[in-house]
Amino acid sequence: MLTKYIRLLAAALAVAFVVAMPVSLSAQQPTSVNPTADAVKEQQLRQELNKIQGRGTIPDTKSYVIEHPAGRDWRHFHEVTLHWIGGIAVLGMLALLVIFYLIRGMVRIESGRSGRTVVRFNAFERFVHWMTATCFIILGLTGLNITFGKDLLLPLIGPEAFSTWSQWAKYAHNYLSFPFTIGVVLIFLMWLAGNIPNRVDVEWLKEGGGIVGHKHPPAYRFNAGQKMVYWIVVLGGGIVAASGYVLMFPFYGTDISGMETAQVIHGVVAVLFVAVMLAHIYIGTIGMEGAFEAMWDGTVDLNWAKEHHKLWVERELQRDETAKSPRPAATPAE
């Protein structure tokens, strides 16, 4: 009987296996066939095309990639697109300033010089300004050399002189970035309170700020134009500093694509920054009478202050009068 039951159980298992096998095989077959499912994707093929990767012994495997497709796009930007952006921004700004000067000329002190001066910037403010400005000029010239030097300067001075100049320019560009960044931070902290936009700025802009036309709208210590320059210096300087440090210390938290993005941001913001600062330099020198003195010795003529910063000078004069007024003598208690 035991043998009989064993045979019956084995027969049942065999029948169940025969029935279940076709169902399992049919379940494994796809309902629709995709002939390209295992084929190489077109985008993947294009990414691998012309990609040159070698071998190395250092742990950083990113250094093994010598050339890749995105690098060709970056090279086109660096050698073509950035040249157009920088050329249009810098040369366009210079052309506008020349035309504006020929039409408007220097903005004069209409009431003439009074012979009295008012302190506008103290020694520390002027030191920070000139430190930052000097670093910016050198950084701008050495940075423009990276973009335009090979096309403009190399044919004039030759390979050896250009190589020597570019090497020292790169050293200056790297090391002067540190005092420049410190200067931007100090400028942000020193003049933040006076550069918050207000309603007076709106009226100043409506009347052309004394640059367009001959009206002199009232302003506090910094007018709307100076506030715009302030925020461009703070934000633009911060962006070029941050992106520049990414380039100076490569691959700390970035890959090759991140480095290319940092270079694009650094280059575009830097050339636009240079263009805006050209306008700032123009206004502070030949564009307006009496403006340069504010940062040279820290004082401005009283009439200049009344015409361009009336609200500020009125407050300063009132403060001086209050400080000079004699205090009542103390009377002894009875």
Side-chain angles (χ1 to χ4, degrees), residues 85-121 125-126 129-130 132-134 136-137 140-141 144 187 191 194-195 197-237 270-314 316:
I85 296 174
I88 293 173
V90 176
L91 297 180
M93 179 60 73
L94 288 174
L96 288 175
L97 293 176
V98 170
I99 294 172
F100 185 80
Y101 182 78
L102 294 176
I103 296 175
R104 179 67 170 85
M106 176 181 283
V107 179
R108 299 290 182 178
I109 303 175
E110 294 187 357
S111 54
R113 291 183 178 270
S114 65
R116 296 176 57 190
T117 58
V118 182
V119 176
R120 181 154 173 79
F121 297 110
E125 290 174 315
R126 300 198 309 275
H129 172 271
W130 286 115
T132 310
T134 304
F136 170 79
I137 292 173
L141 292 175
L144 291 174
I187 287 174
W191 294 328
N195 282 279
N198 52 45
R199 294 181 180 179
V200 176
D201 300 325
V202 178
E203 298 300 323
W204 188 91
L205 291 172
K206 287 181 179 179
E207 297 185 16
I211 301 296
V212 180
H214 294 276
K215 291 184 178 181
H216 294 289
Y220 289 102
R221 190 184 188 193
F222 299 106
N223 56 42
Q226 292 166 334
K227 289 180 181 180
M228 287 189 287
V229 171
Y230 168 85
W231 287 110
I232 289 173
V233 169
V234 170
L235 299 178
V271 294
L272 297 179
F273 196 6
V274 169
V276 173
M277 288 301 102
L278 289 175
H280 175 65
I281 295 171
Y282 166 81
I283 294 297
T285 53
I286 63 173
M288 179 177 291
E289 181 184 6
F292 182 77
E293 301 163 10
M295 276 299 172
W296 183 250
D297 60 9
T299 63
V300 292
D301 188 84
L302 180 60
N303 287 344
W304 182 92
K306 289 181 178 180
E307 291 180 5
H308 298 288
H309 299 273
K310 182 179 179 181
L311 301 177
W312 167 74
V313 73
E314 288 178 351
E316 292 296 311

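Heads up: numbering here begins at 1 and tracks the sequence.
Applying the side-chain hydrogen bond (donor to acceptor under 3.5 Å, both in side chains) test to Lys306 and every residue at least two apart in sequence or in another chain returns nothing. With sequence neighbours left out, Tyr220 forms a ring-ring contact (aromatic ring centres under 6.0 Å, His included) with no residue at all. Scored by the ring-ring contact (aromatic ring centres under 6.0 Å, His included) test, Trp312 finds no partners at all (sequence neighbours excluded). Asp301 pairs by the side-chain hydrogen bond (donor to acceptor under 3.5 Å, both in side chains) definition with Ser114, not counting sequence neighbours. Residues forming a ring-ring contact (aromatic ring centres under 6.0 Å, His included) with Phe121 (at least two apart in sequence, or on another chain): Trp191. For Glu307, there are no salt bridge (Lys or Arg N to Asp or Glu O under 4.0 Å) partners two or more places apart in sequence or in a different chain. Residues that satisfy the side-chain hydrogen bond (donor to acceptor under 3.5 Å, both in side chains) test with Asp297, not counting sequence neighbours, are Thr299. Every residue two or more places apart in sequence or in another chain that forms a side-chain hydrogen bond (donor to acceptor under 3.5 Å, both in side chains) with Asp201 is listed here: Lys227. In terms of the ring-ring contact (aromatic ring centres under 6.0 Å, His included) criterion, residue partners of His216 (sequence neighbours excluded) are, by chain and number, His308.
Within the structure, side chain to side chain donor-acceptor pair (under 3.5 Å) pairs that include any residue of residues 276-286 do not occur (at least two apart or interchain). Residue pairs meeting the salt bridge (Lys or Arg N to Asp or Glu O under 4.0 Å) criterion with at least one partner in residues 274-286, sequence neighbours excluded, are absent.
For Val200 against Pro218, the heavy-atom pair with the smallest separation is CG1-O, 3.4 Å. Counting all heavy atoms, side chain and backbone alike, Pro217 lies closest to Glu207 at CB-OE1, 3.4 Å. Scanning both residues, Trp204 and Ala224, for their nearest heavy atoms gives CE3-CB, 3.4 Å. Taking each heavy atom of Val274 and Gly140 in turn, the nearest pair found is CG2-CA, 4.4 Å. Of all the heavy atoms in Ala89 and Ala275, the pair that sits closest is O-CB, 3.5 Å.
Counting only heavy atoms from C-beta outward, the side chains of Phe222 and Val229 never approach each other to under 4.5 Å. Put simply, the side chain of Thr117 does not reach to within 4.5 Å of the side chain of Leu302, judged on heavy atoms. Gln226 places a side-chain heavy atom less than 4.5 Å from the side chain of Asn223. Using a 4.5 Å cut-off on side-chain heavy atoms (C-beta onward), Val233 and Phe136 make no contact.
Interatomic distance, CD1 of Ile281 versus CD1 of Ile286, reported as 11.0 Å (0.5 Å rounding). Rounded to the nearest 0.5 Å, atoms CD1 (Ile232) and CG (Leu272) are 10.0 Å apart. Considering CG of Asn195 and CD1 of Ile187, their distance stands at 10.5 Å, rounded to 0.5 Å. Atom-to-atom distance recorded for Ile283:CD1 and Leu278:CG is 12.0 Å, nearest 0.5 angstrom.
A donor-acceptor pair under 3.5 Å is absent between the side-chain atoms of Arg120 and the main chain of Met295, judged by distance alone. In terms of modelled atom types and a separation under 3.5 Å, the side chain of His309 and the main chain of Ala219 share no donor-acceptor contact.
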Do any side-chain atoms of residues 287-294 form donor-acceptor pairs under 3.5 angstrom with protein atoms, and if so which ones, sequence neighbours left out?
residue : atom : partner : partner atom : Å
Glu289  : OE1  : Ile109  : N            : 3.0
Glu293  : OE1  : Arg113  : NH1          : 3.4
Glu293  : OE2  : Arg113  : NH1          : 3.2
Glu293  : OE2  : Arg113  : NH2          : 2.7

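Look at Arg221 and Glu125 and you find a salt bridge, because one of the NZ, NE, NH1 or NH2 atoms lies within 4.0 Å of a carboxylate O, short of that distance.
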